[in-house]
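Below is one structure, written out as structure tokens; comments come after it.
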Amino acid sequence: MSTNAKTRTDEVHARLRADILGGRFAPGERLKFTPLCQAYDASVGLIREVLSRLAEQGLVLANPQAGFQVTPISIDDLLDLTRTRTDIECLALRRGVERSDTAWRSQLVATHFILAETPRRDASAPTRVTPAWEAAHAKFHYTLLAGCGSPRLYAIATALRDSACLYRRWSEVIDPSDAARDPAQEHATIFQHAIDGDADSAVAALAAHIELTTTLIVASRTPSEAECGVRGDLSD
């Protein structure tokens with residue numbers, strides 16, 4: 001693939017990913033080639049490649065009969081994802097704190113500073129998190145995981161984080177004023193324990209941070225919906 005073609009693919013990928021996470025396409029919605037080609041001024045081949053990349057990140061499902069669709073979301077899947085993420089991300093963080101080399105600590109200080117200094121909400125659209133904060137947030141969490149020293153463990157952990165993007169965005173819509181949580185304090189607590197070399201406390205803080213998102217989403221559903229694991233329609 002030429003440099004120009006790769007740049008174009010990356011551009012369309014970033015736009016479509018942002019549109020999925022921003023709610024332009026609903027969970028479970030079919031993604032048809034003709035409208036996508038028109039919307040993103042792209043060929044069928046390019047759109048197919050972008051959708052395949054999004055499928056690898058857990059944001060899109062590929063079905064041989066039905067084609068591509070935005071990944072449906074459900075309470076059952078969320079609970080399973082949360083348990084798995086907690087296990088894997090906490091293992092990665094524990095290893096990072098125990099290894100705690102200078103390069104990792106320095107990167108952690110830098111990424112947390114940027115995250116803390118970046119505005120989280122868009123004043124003109126309070127239900128939306130700013131793209132700059134989203135990028136800083138991802139970088140901070142990826143840095144937390146990168147200290148584990150295992151490329152395989154890091155790859156698994158980051159793939160799970162990518163799969164949680166739709167749920168994380170949904171939790172942000174549920175609580176647009178951040179009344180139910182203090183993300184800045186949550187990140188500061190994880191960061192401080194990690195820098196202090198307190199693996200047990202860092203892991204406990206990360207687990208609580210991950211699980212709170214799930215708690216907010218489950219609490220927003222009726223008891224019958226939560227028990228049944230409703231798929232697809234979590235956007236009412």
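Numbers here are sequence positions counted from 1.
- Other cluster members for Tyr142: Leu145, Tyr154, joined by side-chain heavy-atom distances under 4.5 Å among Ile, Leu, Val, Met, Phe, Trp and Tyr.
- Annotation: side chain of Leu61 is not in contact with side chain of Phe68 (no heavy-atom distance under 4.5 Å).
- When all heavy atoms of Pro151 and Gly149 are compared, the closest pair comes out as CD-O, 3.7 Å.
- In this structure, the separation between OG1 on Thr82 and CD1 on Ile217 is 7.5 Å, given to the nearest 0.5 Å.
- When only modelled atom types and interatomic distance are considered, Arg181 and Thr213 share a side-chain donor-acceptor pair under 3.5 Å.
- Within the 4.5 Å cutoff, the side chain of Leu78 has no heavy atoms near those of the Ile73 side chain.
- Counting only heavy atoms from C-beta outward, the side chains of His112 and Leu108 never approach each other to under 4.5 Å.
- Using a 4.5 Å heavy-atom threshold, the side chains of Leu16 and Leu51 count as touching.
- The stretch residues 189-209 participates, sequence neighbours left out, in these side chain to side chain donor-acceptor pair (under 3.5 Å) pairs: Arg94-Asp200, His141-His209, Gln185-Thr189, Glu186-His209, His187-His209, Gln192-Asp196, Asp198-Ser201.
- Residues Leu144 and Phe191 are not in side-chain contact: their nearest non-hydrogen atoms beyond the backbone lie 4.5 Å or more apart.
- Under 4.0 Å is where a charged nitrogen must lie from a carboxylate oxygen, and between Glu56 and Arg53 no such pair does.
- Under a 3.5 Å cut-off, the side chain of Arg95 and the backbone N or O of Gly147 do not form any donor-acceptor pair.
- Taken to the nearest 0.5 Å, the CZ atom of Arg17 stands 6.0 Å off from the CG atom of Asp162.
- Atom SG of residue Cys148 and atom CD of residue Glu98 lie 11.5 Å apart, to the nearest 0.5 angstrom.
- The shortest heavy-atom contact between Trp104 and Ala194 is CH2-CB, 4.1 Å.
- Taking every heavy atom of both residues into account, Arg8 and Tyr40 meet most closely at NH2-O, 2.6 Å.
- A side-chain donor-acceptor contact under 3.5 Å links Thr71 to the backbone of Val60.
- Note that OG of Ser150 and CD1 of Ile156 are 7.5 Å apart. Values are rounded to the nearest 0.5 Å.
- With rounding to the nearest 0.5 Å, the separation of CD in Glu211 from OG1 in Thr86 is 4.5 Å.
- Looking at Thr118, its side chain never comes within 3.5 Å of a backbone N or O of Ala132 through a donor-acceptor pair.
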